[in-house]
Amino acid sequence: MTGDAGGDMLSWDESVFRDESVFEIDHVPETFRHRESQLESLKYALRPAVRGSRPLNTMVRGPPGTGKTTAVQKLFGELGARTDVRTVRVNCQVDSTRYAVFSRLFEGIFDYEPPSSGISFKKLFGQITDRLVEEDDVLVVALDDVNYLFYENEASDTLYSLLRAHEAHSGAKIGVIVVSSDLGLDVIDDLDTRVQSVFRPEEVYFPVYDATEIYDILFERSKRGFHDGVIGDAELERVADLTAESGDLRVGIDLLRRAGLNAEMRASKTIAEEDVESAYDKSKHVHLSRSLRGLSDSERALVRVLAENDGERAGTVYEAFHDETDLGYTRYSEITNKLDQLGVIDAEYAEVEGRGRSRELSLAYEAEAVLDRLE
């Protein structure tokens with residue numbers, strides 16, 4: 001493709017972007033639209049913390065890309081700026097064990113990481129609660145993507161420690177917000193009964209944005225992120241339509257950024273429809289890219305084996321996985337369950353002649369798209 005003629009050509013030191021960071025997935029916008037009722041519900045739950053009491057525990061649920069993380073970050077930013085309430089958001093996709101979660105809490109409270117080895121969980125836990133009591137601080141913990149703690153069977157122990165902190169150490173005040181994008185996960189039912197008895201959260205649901213809301217949000221991002229005149233109404237409407245089809249606002253935000261980069265590749269000052277269409281091939285897989293990014297080496301190995309043996313029987317897949325990792329069937333089965341829960345693969349039981357019930361595995365995405373993102 002070539003650049004536009006005449007005055008529509010970008011010079012080498014020009015950009016279509018006014019502020020490219022506006023199109024980062026984790027950017028917290030100044031104006032957060034169409035989530036007023038959800039924000040009010042969260043503020044209601046957190047209000048006791050501002051008065052020095054333990055806040056109400058809260059469960060935030062909704063499909064991916066519906067503003068859950070942004071809402072938490074927005075409120076935590078306000079709390080940090082206006083009050084003495086301590087807030088720590090833990091990305092459970094990265095920190096998916098109880099010890100890892102509390103290491104992140106330690107870092108948030110002390111402003112440095114705990115020793116990487118040699119400190120027991122009990123001591124780590126004690127140092128956190130000691131500091132909270134000494135300073136008479138309230139701590140609000142957001143377990144973002146808490147579903148990953150469930151995938152690793154760490155959710156009950158983690159929540160039990162947080163919810164019982166005031167019993168283990170009198171005066172410790174900790175509130176918990178759990179955030180889940182897995183609508184197939186029943187957070188309460190999947191917890192141990194010992195946790196269910198103390199975890200009675202307020203529930204806040206984030207529905208998929210409708211088409212009008214999507215356009216409104218993307219229009220606002222475009223205004224802040226692009227220079228005037230970079231994207232026209234027709235191109236923005238196309239981005240909004242593609243985003244609505246996916247149901248994930250992050251697709252649209254990523255699509256705007258990639259379309260802008262495509263225009264720059266053509267040395268054009270304006271985004272054309274072809275820039276949007278070619279960008280969509282990558283942007284539509286934002287959720288897949290994010291899911292794969294959080295996997296361990298052995299989990300990525302199984303995804304790769306599945307992509308290379310798509311359509312083969314589970315036995316063939318296991319043999320290829322074992323050859324590559326030297327891991328046994330138990331670990332293979334655990335990883336399969338996690339990938340199924342993540343929506344990266346589909347694992348279904350079927351009757352196989354002469355063998356009874358056998359689990360059939362298939363990728364939930366095109367093999368080529370998966371392999372591209374594993375590189």
Side-chain angles (χ1 to χ4, degrees), residues 25-26 57-61 64 68-69 72-73 76 80 86-132 137 139-166 168-169 172-182 185 187 190-192 194-195 198-199 201 289-303 325 327 330-331 334-335 337-339 341-342 344:
I25 298 299
D26 57 357
N57 297 316
T58 310
M59 179 167 61
V60 174
R61 295 176 67 247
K68 301 181 298 299
T69 297
V72 169
Q73 290 175 311
F76 276 14
R86 288 184 175 270
T87 58
V88 181
R89 173 182 160 261
V90 182
N91 179 356
C92 297
Q93 186 180 15
V94 176
D95 299 303
S96 57
T97 66
R98 180 178 69 162
Y99 193 92
V101 167
F102 275 82
S103 294
R104 194 65 62 212
L105 300 185
F106 182 99
E107 182 182 358
I109 289 170
F110 290 95
D111 293 323
Y112 62 87
E113 293 184 16
S116 56
S117 61
I119 179 170
S120 67
F121 172 78
K122 185 176 180 181
K123 186 173 182 181
L124 187 70
F125 181 50
Q127 289 180 342
I128 291 169
T129 52
D130 282 347
R131 174 57 68 92
L132 292 176
D137 283 339
L139 172 65
V140 183
V141 179
L143 299 176
D144 204 355
D145 277 327
V146 72
N147 30 301
Y148 282 86
L149 292 181
F150 284 91
Y151 303 156
E152 301 295 342
N153 296 315
E154 294 274 348
S156 289
D157 286 344
T158 303
L159 278 168
Y160 189 77
S161 296
L162 288 168
L163 297 169
R164 293 289 192 182
H166 64 286
H169 199 138
K173 290 173 282 193
I174 299 177
V176 182
I177 300 172
V178 299
V179 184
S180 175
S181 295
D182 184 349
L185 173 71
V187 171
D190 284 5
L191 290 168
D192 292 351
R194 65 195 170 116
V195 185
V198 291
F199 188 48
S289 298
R290 188 168 178 271
S291 296
L292 295 179
R293 201 159 48 237
L295 299 181
S296 67
D297 289 344
S298 55
E299 291 162 351
R300 290 170 69 88
L302 180 52
V303 175
T325 64
L327 292 173
T330 299
R331 184 60 186 141
E334 290 172 349
I335 295 173
N337 289 337
K338 177 178 177 178
L339 295 176
Q341 290 171 314
L342 272 175
V344 175

Legend entry - Close side-chain approach of Val94 and Tyr148, heavy atoms under 4.5 Å: no

Inset, instruction - Nearest 0.5 Å please: distance from the CG atom of Asn337 over to the CD atom of Glu334. - result: 8.0 Å

Inset, instruction - Could you pull out the closest heavy-atom pair between Arg300 and Leu292, with the gap in Å? - result: NH1-O, 3.1 Å

Inset, instruction - Please tell me if the side chains of Asn147 and Gln341 come closer than 4.5 Å, counting only heavy atoms from C-beta onward. - result: no

Legend entry - Asp297 atom CG, neighbour heavy-atom count above 12 within 6.0 Å: no

Inset, instruction - Take Leu159 and Leu149 through the side chain to side chain contact (heavy atoms under 4.5 Å, CB included) test and state the conclusion after the steps. - result: CA-CA 10 Å; Leu159 278 168; Leu149 292 181; over 6 Å; no

Inset, instruction - Please examine the side chains of Ser180 and Phe150, heavy atoms only from C-beta on, and report whether any two atoms are closer than 4.5 Å. - result: no

Legend entry - Heavy-atom closest pair, residues Arg290 and Gln93: O-NE2, 2.5 Å

Inset, instruction - Flag this pair as yes if the NZ/CZ of Arg89 is under 6.0 angstrom from the six-membered ring centre of Phe76 and inside a 45 degree cone about the axis; otherwise no. - result: no

Inset, instruction - Please report the shortest heavy-atom distance between Ala172 and Ala165, naming the atom on each side. - result: CB-O, 4.0 Å

Legend entry - Separation of His166 NE2 from Thr129 OG1 (nearest 0.5 Å): 12.5 Å

Legend entry - Nearest atoms (heavy-atom pairs only) where Ser156 meets Asp190: OG-O, 4.4 Å

Legend entry - Any side-chain heavy-atom pair of Glu154 and Cys92 under 4.5 Å: no

Legend entry - Side-chain heavy-atom pair Leu295, Leu339 within 4.5 angstrom cut-off: yes

Legend entry - 4.5 Å side-chain heavy-atom contact, Leu105 and Leu162: yes

Inset, instruction - Determine, for Asp157 against Arg98, whether the closest basic-nitrogen to carboxylate-oxygen distance falls under 4.0 angstrom. - result: no

Inset, instruction - Taking all heavy atoms of Ser181 and all of Pro64, pick out the closest pair and write down the distance. - result: O-CD, 3.8 Å

Legend entry - Between CD on residue Glu152 and CG on residue Asp95, distance to nearest 0.5 Å: 12.0 Å

Inset, instruction - Give, for atom CG of Leu302 and atom CG of Leu327, the distance between the pair rounded to the nearest 0.5 Å. - result: 10.0 Å

Inset, instruction - Hey, could you give me the CD1/NE2 distance between Ile174 and His169, rounded to the nearest 0.5 Å? - result: 10.5 Å

Legend entry - Note, Leu132 side chain near Lys173 side chain (heavy atom, < 4.5 Å): no

Legend entry - Asp192 side chain reached by Tyr160 side chain, heavy atoms, under 4.5 Å: no

Inset, instruction - Calculate, to the nearest 0.5 Å, the distance between atoms CZ and CD1 belonging to Phe102 and Ile119 respectively. - result: 12.5 Å

Legend entry - Heavy-atom pair with the smallest gap, counting every atom of Ser120 and Tyr99: C-CE1, 4.0 Å

Legend entry - Reference residue Thr69; test side chain to side chain donor-acceptor pair (under 3.5 Å); the match among Asn91, Asp145, Asp144: Asp144

